[in-house]
*Asks:* 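Encoded as structure tokens, here's the structure I'll be asking about.
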Amino acid sequence: MSHFEIKAYPEMWQSLDMDVERFDKARLMLGEAYEKTYLSQKNRPKSMAYFDNMIAELHGGRIKELLEAKAEGRPVIGTFCVYIPEEIVLAAGGICVGLCGGSQGSVPDAEKILPRNICPMVKSAFGFKAGRICPYFQAVDFVYGETTCDAKKKTWEILDKMVPTYVMEIPQCKKPRDIVLWNEEVKDFKAKVEEVAGKTISESDLAAAIKIMNTKRKALQRLNGLRHHIPSPISGKDGLLIEQIAFYDEPVRFTQKLNELCDELVDRVNQEVAVPGKNAIRVMVAGTPMALPNWKIHNLVEGAGAVIVNEESCIGTRYFKDLVEESVSSMDDMLAALTDRYKEIDCSCFTPNDERISQVIKEYRDSGAQGIINYSLQFCHTYNIEEIRIREACEKEGIPYIFIESDYSLEDMGQLQTRIEAFLEQIGD
Ligand code: BJ8
């Protein structure tokens, strides 16, 4: 049997000033992990072949597209948060990529510079740039960060020494004056993107981009709805993978391929094809994002025979649950519509954040889950503290609940496996 490999493009990596030797080892390890985690699954939908290929071309085909765009003068912008309005980048003819931050491999590079006791996602992402081991990071024209959590906002100052890093001020509350400030920040973002693109975004450019992103988000909503079917026609691992690929694939092609997959899932629902099995325990995950290639919790849960049916997360529903109003047409109104849509994201960095508590319960009910795993990355203060309110809400509603705080290392795998198995047993009793 031939082995799955992430394809190598050493000359292109060299041209991006990468540490090619080191990166090549990481490529082989990631390919092995993918084969073990993904290709070993039984009964996968055939249309997952496109997404498998997106992983095979993770460091090649898609990077080539980014470099072609740059050669045409189209900007490539890296982001770390779902608050940055992608529509504006698309409207300028550019490409927006959510930069990776889900690997233990780059954490030691970051720890040479940053404190150790901060979030692994920040360390992983920063380490990719510090170690020159991410072609996306090497390809971007600039990074647009935001003022969400402390770890991120202070890291931007250090990252700026390696790659131009601008910052959008995201308020910490959602009072009317905060929204006014945010709207100004969205306008500044547009001005920055226009400056780099050397092009003024027209009203029709922005309207078209809003449509493209709404259509993409609707396709992701469709997938989520299909995952909610009992029994679920697709594994949670595959669901998460698609949500991760959504951050770097070309949006129109991604939407088309995702809708093809959803058509196949509709047939599976009609034929009652279940993954992993008809009586699998259904679990929902809530919490911090799981950036590529963080598949740790999904691996453990689905390895124990259960299925994850929903991610209440930024790599999950927070990315696609809200659409931008399409009925307005002036530039100011469209920018206000963008501000409005993005302010609906209920990140724990906000206070108060009551919307998220109700949203978690709503998604639990909608997804037909039988329990909630609340997941927080280590040292993420806001999600860790908001855990108290999520736990209280679950207790009140009688929802089986477990809280997991973890990082990207393998050290706690045994302990997590025991806790997850005990949780699934408790649900099954
Ligand atoms: S909107 S969740 S993508 S900030 S996990 S780096 S918060 S210490 S990722 Fe996030 Fe935007 Fe919010 Fe979503 Fe900091 Fe917490 Fe780490 Fe986090």
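Keep in mind that this is a model prediction, so the values were computed, not measured. Nothing fancy with the numbering, it's 1 onward along the sequence. Counting convention: from 1, in listed order, for ligands and their atoms alike. Only this structure's heavy atoms are used, side chains among them; waters, hydrogens and symmetry mates stay out.
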*Asks:* Would K216 and F254 count as a cation-pi pair here, with the cationic atom under 6.0 angstrom from the ring centre and within 45° of the axis?
*Replies:* yes

*Asks:* Can you list the ligand 1 atoms lying under 4.0 Å from a non-hydrogen atom of C81?
*Replies:* 1 (S), 3 (S), 4 (S), 11 (Fe)

*Asks:* Give the total of protein N/O/S atoms at a distance below 2.8 Å from atom 16 (Fe) of ligand 1.
*Replies:* 1

*Asks:* Are H59 and F23, when compared by the centres of their aromatic rings, separated by less than 6.0 Å?
*Replies:* yes

*Asks:* Tell me if the centroids of the rings in F189 and F142 come within less than 6.0 Å of each other.
*Replies:* no

*Asks:* Could you tell me, atom by atom, which parts of ligand 1 come under 4.0 Å of a heavy atom of Y83?
*Replies:*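 Checking each atom against Y83, I get 1 (S).
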
*Asks:* Looking at D109 and R132, is any side-chain nitrogen of the basic one under 4.0 Å from a carboxylate oxygen of the acidic one?
*Replies:* no

*Asks:* What atoms of ligand 1 come closer than 4.0 angstrom to any heavy atom of T148?
*Replies:*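 Those qualifying, in numeric order: 4 (S).
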
*Asks:* Do D249 and R253 sit within salt-bridge range, that is, some charged N less than 4.0 Å from a carboxylate O?
*Replies:* yes

*Asks:* Please identify which atoms of ligand 1 are closer than 4.0 Å to at least one heavy atom of C314.
*Replies:*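 What qualifies from ligand 1 is 1 (S), 2 (S), 3 (S), 13 (Fe).
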
*Asks:* Given the side-chain rings of W156 and F126, with only the six-membered ring counted for Trp, is the space between their centroids under 6.0 Å?
*Replies:*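 Ring centres of F126 and W156 not closer than 6.0 Å.
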
*Asks:* How about E21: does its CD atom have over 12 heavy atoms from other parts shown lying under 6.0 Å from it?
*Replies:*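 For E21, atom CD is not crowded (no more than 12 foreign heavy atoms under 6.0 Å).
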
*Asks:* Atom 12 (Fe) of ligand 1: which protein heavy atom is closest, and how many Å away?
*Replies:* C347 SG, 2.3 Å

*Asks:* Please report whether the ring centroid of F4 lies less than 6.0 Å from that of Y38.
*Replies:* no

*Asks:* Between P289 and ligand 1, which part of the residue brings a heavy atom under 4.0 Å of the ligand: side chain, backbone, both or neither?
*Replies:* side chain

*Asks:* Do any N or O atoms from the side chain of T79 and from the backbone of I84 form a donor-acceptor pair under 3.5 angstrom?
*Replies:* no

